[in-house]
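Data first, discussion second: the structure below is written as structure tokens.
Starting from 1, each residue takes its place in the sequence as its number. One-based numbering, in listed order, for ligands and for the atoms of each.
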Amino acid sequence: MSQPNTLPTVKLLIGGELVESTTREWRDIVNPATQEILARVPFATEAEMNAAVASAKEAFKTWRKTPIGVRSRIFLKYQQLIREHMKELAAILTAEQGKTLPDAEGDVFRGLEVVEHAAGIGNLQLGELANNVATGVDTYTLLQPLGVCAGITPFNFPAMIPLWMFPMAIATGNTFVLKPSEQDPMVTMRLAELAMEAGVPPGVLNVIHGGADAVNMICDHPDIKAVSFVGSTRVGTHVYNRASQAGKRVQCMMGAKNHGIILPDAHKEQTLNNLVGAAFGAAGQRCMALSVLILVGEAQSWLPDLVAKAKTLKVNAGVEDATDLGPVVSCSALERIHSLIERGVAEGAELALDGRKPQVAGYEKGNFIAPTIFSGVTAEMSIYREEIFGPVLCVMQVDSLDEAIALINANPNGNGTALFTRSGAAARHFQEEIDVGQVGINVPIPVPVPMFSFTGSRGSKLGDLGPYGKQVVQFYTQTKTVIQRWFDENEVGGPVNTTINL
Ligand code: NAD
């Protein structure tokens with residue numbers, strides 16, 4: 001951390017204004033392909049964080065009563081603006097995060113789909129009504145917004161994950177305080193600016209920057225009613241405990257170790273192509289990356305073909321054409337991945353493909369690591385137990401589908417998994433027996449589109465309701481049940497006693 005200088009600074013968004021922070025704590029935002037410092041991000045002061053919450057609280061008074069059509073039209077406009085700025089958003093994202101430009105557009109696009117879904121809020125935030133639950137009595141439900149909600153996001157999808165959160169929170173009538181990753185907040189800020197341009201009123205969306213202090217403020221602040229978190233298991237568990245303790249509704253989507261199973265009857269070419277994309281794409285920095293591969297029976301002989309395919313992937317800066325893997329996000333992330341690879345070797349796994357220190361002409365300072373494959377991995381090894389979050393695939397060998405299922409079910413994480421087979425019976429058996437929240441059948445990264453919800457499970461999630469889709473409407477609203485009875489002019493009045501009538 002250093003003092004601000006002449007570099008561009010990332011602003012806070014408070015009460016509809018882009019505000020220069022008065023903090024003395026700043027962090028550099030670094031291009032991971034070049035180490036160029038792009039801008040500085042402030043760690044907001046306590047007064048600034050409180051001002052953001054206060055502005056959201058004030059805006060809630062009117063926003064909560066804003067008609068559905070008005071809310072919906074803002075998101076119709078917003079999706080149009082995001083489309084128009086797609087290239088610009090992707091370029092910012094690639095510069096600060098490292099992923100390839102097509103992948104960056106994908107990051108924005110998956111968020112855009114949630115914005116489109118938010119525009120249909122009129123069909124989503126609907127209560128229920130039961131007529132004549134007792135004589136002359138009807139019961140109905142209202143799904144009412146909670147108040148100020150907050151979101152804390154990770155570095156790996158700096159467009160998609162903020163867009164998982166604030167559009168649906170705001171569309172349901174809440175106001176929002178967002179705390180993006182301090183590693184790559186620039187694309188998130190551009191998205192926040194476009195939201196303002198689309199007509200989100202001042203104070204309805206606020207953005208603060210920072211690290212642990214900002215997160216703890218969100219957990220503790222009495223005016224924040226609900227917290228959505230996406231990030232590592234360590235931080236997510238802390239956020240869940242601390243914010244729940246403070247009486248808030250909390251949902252935490254956390255770390256993963258996603259297994260793919262290959263049965264020998266799978267379509268070999270398709271499966272291997274899918275696998276290298278899912279294991280090494282985005283340099284393995286996806287919470288749904290397939291980071292463990294279980295080869296069953298005769299499929300164990302596919303390893304050399306897998307290694308050969310992985311070798312063909314091109315490592316380069318995300319802005320260069322035909323790049324398959326960009327750099328990882330930071331020098332410290334690269335060091336961590338290298339040290340886990342060393343531990344894998346020391347613990348006896350076989351390094352079938354060593355991607356350390358690739359030569360990338362013109363980007364010699366970048367945080368690059370090429371696809372790396374370990375085989376003969378066992379459940380006790382550190383490379384299996386820890387989320388590596390880099391382009392490192394652990395290959396395990398077993399004799400049967402049931403053995404593979406048992407292995408996955410014994411792993412503490414439950415984010416995603418996939419089976420590759422041509423057998424419908426095997427696929428159905430897998431679907432029934434596997435204890436993981438998101439299941440792919442010949443689909444390597446089974447992330448649901450926004451009419452469904454993201455449904456990671458077990459150690460990958462705390463809280464019952466997932467982001468976006470129908471579940472998040474429940475998460476961001478309080479159900480109020482109204483039991484109603486009206487009297488005719490001529491009806492003889494008496495005490496309403498629904499208990500007796502029921
Ligand atoms: P992270 O947990 O380090 O950071 C997430 C957020 O927490 C950031 O905003 C950060 O500022 C804040 N934070 C960091 N340290 C903190 C601390 N000590 N106290 C309080 N707050 C703190 O995660 P990351 O490295 O940015 O992202 C990668 C992780 O996110 C991986 O584990 C990945 O699996 C996970 N992830 C999960 C999902 C999912 O849907 N399950 C999606 C994307 C990423």
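Ligand 1 lies within reach of Arg234, whose nearest heavy atom is under 4.0 Å from it. Using a 4.0 Å heavy-atom cutoff, Phe43 is absent from the residues neighbouring ligand 1. The closest approach between any non-hydrogen atom of Ile161 and ligand 1 is below 4.0 Å. The shortest heavy-atom distance from Phe157 to ligand 1 is not under 4.0 Å.
Nearest non-hydrogen protein atom to atom 10 (C) of ligand 1 is Glu182 OE1, 3.5 Å. Regarding atom 16 (C) of ligand 1, its nearest protein heavy-atom neighbour is Val235 CG2, 3.6 Å. In terms of protein heavy-atom proximity, atom 3 (O) of ligand 1 is closest to Ser232 OG, 4.1 Å.
Residue contacts with ligand 1 for Met254 involve N, CA, C or O but no side-chain atom from C-beta outward (heavy atoms, distance under 4.0 Å). At a heavy-atom distance under 4.0 Å, only side-chain atoms of Asn156, from C-beta outward, approach ligand 1.
Residues Phe454 and Trp164 place their aromatic rings such that the two centres sit under 6.0 Å apart. Ring to ring, His259 and Tyr384 are close: their centroids are under 6.0 angstrom apart.
Taking only non-hydrogen atoms, the option from Val239, Asn413, Val230 nearest to atom 5 (C) of ligand 1 is Val230.
Checked for salt-bridge contact, Glu386 and Arg343 meet the test: a charged N lies under 4.0 Å from a carboxylate O. Contact check on Lys314 versus Asp324 returns no salt bridge, with no Lys/Arg side-chain nitrogen under 4.0 Å from an Asp/Glu carboxylate oxygen.
In this structure, CG on Asp103 lies 5.0 Å from CZ on Arg286, to the nearest 0.5 angstrom.
With sequence neighbours excluded, no residue forms a salt bridge (charged side-chain N to carboxylate O under 4.0 Å, His left out) with Glu48. Partners of Asn409 according to the side-chain hydrogen bond (donor to acceptor under 3.5 Å, both in side chains) rule, which considers only residues two or more places apart in sequence or in another chain, do not exist here.
Counting the atoms of ligand 1 from 1 in the order shown, those under 4.0 Å from a heavy atom of Gly255 are 32 (O), 34 (O).
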